[in-house]
Amino acid sequence: LIDKPEIVALNKIDSFFPDEAEVIRAKFEEDAAISPFMISAVSKEGMRPLLFKLVEYINADKERRAKEDGTAEVIPSLYDTKIEDEESHL
């Protein structure tokens, strides 16, 4: 497990004042050299960047495995996905 990437997410940030959440984030960065994702599962705040990072890690692992054994399929990047104009579906 030591070689696995690690993602730290601090949930319930909506229960703090913004300056309190920033103090908590700074403490993690200072004490543990970790830049945590600050999220709220209820309000969905901060979830998008966390999900993008998860897809990035999953794809990197799949690419590594595909090079080793040729079996992994990469998830399309959300940044590369073309979003069609909503009016074209009406």
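None of these values were measured; they are calculated from a predicted model. Atoms considered below: every heavy atom in the structure, side chains included; atoms not considered: hydrogens, waters and symmetry mates.
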Listed by chain and number, what are the side-chain hydrogen bond (donor to acceptor under 3.5 Å, both in side chains) partners of E56, not counting sequence neighbours?
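With sequence neighbours excluded, E56 shows a side-chain hydrogen bond (donor to acceptor under 3.5 Å, both in side chains) to K53, given in chain and number order.
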side-chain hydrogen bond (donor to acceptor under 3.5 Å, both in side chains) with N11: which residues, sequence neighbours excluded?
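None.
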Is there a side-chain contact between I13 and I39 (heavy atoms, below 4.5 Å)?
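No, their side chains stay 4.5 Å or more apart.
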What's the separation between atom CD in E6 and atom OH in Y57, rounded to the nearest 0.5 Å?
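If we round to the nearest 0.5 Å, E6:CD and Y57:OH are 9.0 Å apart.
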Is any side-chain N of the basic residue among R65 and D61 closer than 4.0 Å to the acidic one's carboxylate O?
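Looking at D61 together with R65, the answer is yes, because their closest N to O distance falls below 4.0 Å.
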So does E68 pair up with R64, basic N to acidic O under 4.0 Å?
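Yes, E68 and R64 are salt-bridged.
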Which pairs count as salt bridge (charged side-chain N to carboxylate O under 4.0 Å, His left out) when at least one residue sits in residues 33-46, sequence neighbours excluded?
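Residue pairs passing salt bridge (charged side-chain N to carboxylate O under 4.0 Å, His left out), neighbours aside: none found.
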Any salt bridge (charged side-chain N to carboxylate O under 4.0 Å, His left out) pairs touching residues 11-24, not counting sequence neighbours?
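Every salt bridge (charged side-chain N to carboxylate O under 4.0 Å, His left out) pair that includes a residue of residues 11-24, provided the two are not neighbours, is E22-R25.
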Atom pairs and distances, side-chain donor-acceptor, residues 28-38, under 3.5 Å, sequence neighbours left out:
unit_1: E29; atom_1: OE2; unit_2: S35; atom_2: OG; d: 3.2
unit_1: D31; atom_1: OD2; unit_2: K27; atom_2: NZ; d: 3.1

Are V8 and F16 connected into the same hydrophobic cluster when the rule is that any two of I, L, V, M, F, W, Y join if their side-chain heavy atoms are below 4.5 Å apart?
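Same hydrophobic cluster.
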